[in-house]
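Below: one structure, written as structure tokens.
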Amino acid sequence: MVAPVTRQTQGLLLAFLGTVLLRLSLSDAYLRYVTEWMKWPVLVSGVVMILLAIGPIFLDPDDDGHAHADGDGEGHGHRVPRVTWLLVLPGLITFVISPPALGSYLAERRLNQAAAAEPAVVADLEQGATTTMPLQEYVWRAQSGGQSMAERTIELTGFVTTDDAGWYVTRLTLGCCAADARAFRVAVEEGSVDEVPAEDQWVTVTGSYVPGTGTQFGQDPEIAVETLEQIEKPRQTYE
């Protein structure tokens, strides 16, 4: 049987979870779970949880560790449900296992769940220059007909995914947190690269849009790769 949780223990669990949130927000680890703008809400949540823990730990006059007699003469201290022990699990997972950022396994199961969103700013691409572009924007431009990328050199960064049809530069996008992650990918034109990098390897490719590809929802746009560089995983893995 799992022991019941006293009010003081509950306070310690809250303090533990608050410390976990502080640790995540004060490092780049929080980027594995939420978008970059969530840093301050996570930090504030950690501080609030630690403050809430002060009462149960130090200031609860009715829960001083002594039993109180009830009508049948048995002693009972203040208790909270045993399920409260489950609060330990998120912290242990974060500290002990430290899950990595989402990668190809999830991406293969989240592909084509929605059309690419239109960027907030759609700029004309300069001819003769290399334009660094978010991968979702590349997909959106292809779904919009692809004319805006004709005869332009484009740079994409993402991780490698593969299937029977070939290999892809892939990126996950988050609306808020990892739970709502969506995957977008761009197929590398067959024959434009001699050796396929390992799955989940991060790459930066430059090349040109293959006309007519990715114009329909569910169809992958392609890029004819001119240069490929294998890189370290970036600080921010999500778009």
Side-chain angles (χ1 to χ4, degrees), residues 1-70 74-110 113-114 117 120 134 136 158-159 170-184 200 202 232-239:
M1 296 292 293
V2 178
V5 182
T6 65
R7 290 288 297 277
Q8 283 88 355
T9 305
Q10 185 184 37
L12 290 172
L13 291 175
L14 279 174
F16 172 63
L17 290 177
T19 302
V20 170
L21 293 180
L22 287 179
R23 176 181 179 270
L24 290 174
S25 61
L26 294 175
S27 68
D28 290 339
Y30 76 98
L31 293 172
R32 301 173 187 172
Y33 312 102
V34 295
T35 55
E36 195 161 13
W37 67 267
M38 289 289 290
K39 175 185 177 71
W40 295 110
V42 172
L43 177 62
V44 170
S45 297
V47 172
V48 169
M49 293 183 75
I50 291 175
L51 293 177
L52 288 175
I54 293 175
I57 295 175
F58 300 110
L59 305 179
D60 188 359
D62 295 324
D63 191 14
D64 56 5
H66 299 290
H68 301 283
D70 58 16
E74 294 183 0
H76 298 280
H78 290 274
R79 298 289 188 264
V80 293
R82 289 183 174 87
V83 72
T84 309
W85 284 112
L86 293 177
L87 291 173
V88 176
L89 293 179
L92 290 179
I93 290 172
T94 301
F95 276 116
V96 179
I97 301 177
S98 189
L102 303 177
S104 61
Y105 179 82
L106 181 74
E108 291 165 2
R109 289 152 180 80
R110 295 286 180 92
Q113 290 189 343
Q136 184 177 184
F159 56 89
T170 305
R171 203 74 184 256
L172 289 162
T173 66
L174 302 186
C176 171
C177 61
D180 64 9
R182 295 186 298 157
F184 295 94
D200 279 317
W202 279 83
E232 295 293 327
K233 181 188 297 184
R235 170 181 175 271
Q236 174 56 281
T237 60
Y238 308 120
E239 288 186 344

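Values below: all heavy atoms of this structure, side chains included; hydrogens, waters and symmetry mates excluded. Each residue takes its place number in the sequence, starting with 1.
In terms of heavy-atom proximity, L14 sits nearest to A53 at CB-CB, 3.9 Å. The two residues F159 and R171 make their nearest non-hydrogen contact at CE2-CA, 4.2 Å. Closest non-hydrogen pair, L172 versus A183, comes out as CD2-CB, 3.7 Å. Closest approach of E232 and W202 over heavy atoms only: O-CB, 4.1 Å.
With hydrogens and angles disregarded, a donor-acceptor distance shorter than 3.5 Å links the side chain of Q136 to the backbone of A117.
For L26, the side chain to side chain contact (heavy atoms under 4.5 Å, CB included) partners are L43, not counting sequence neighbours. Scored by the side chain to side chain contact (heavy atoms under 4.5 Å, CB included) test, V44 finds V48 as partners (sequence neighbours excluded).
One distance of note links OH of Y238 with OG1 of T173; it measures 11.0 Å at 0.5 Å rounding. For the atom pair F16 CZ and L21 CG, the distance stands at 10.5 Å (nearest 0.5 Å).
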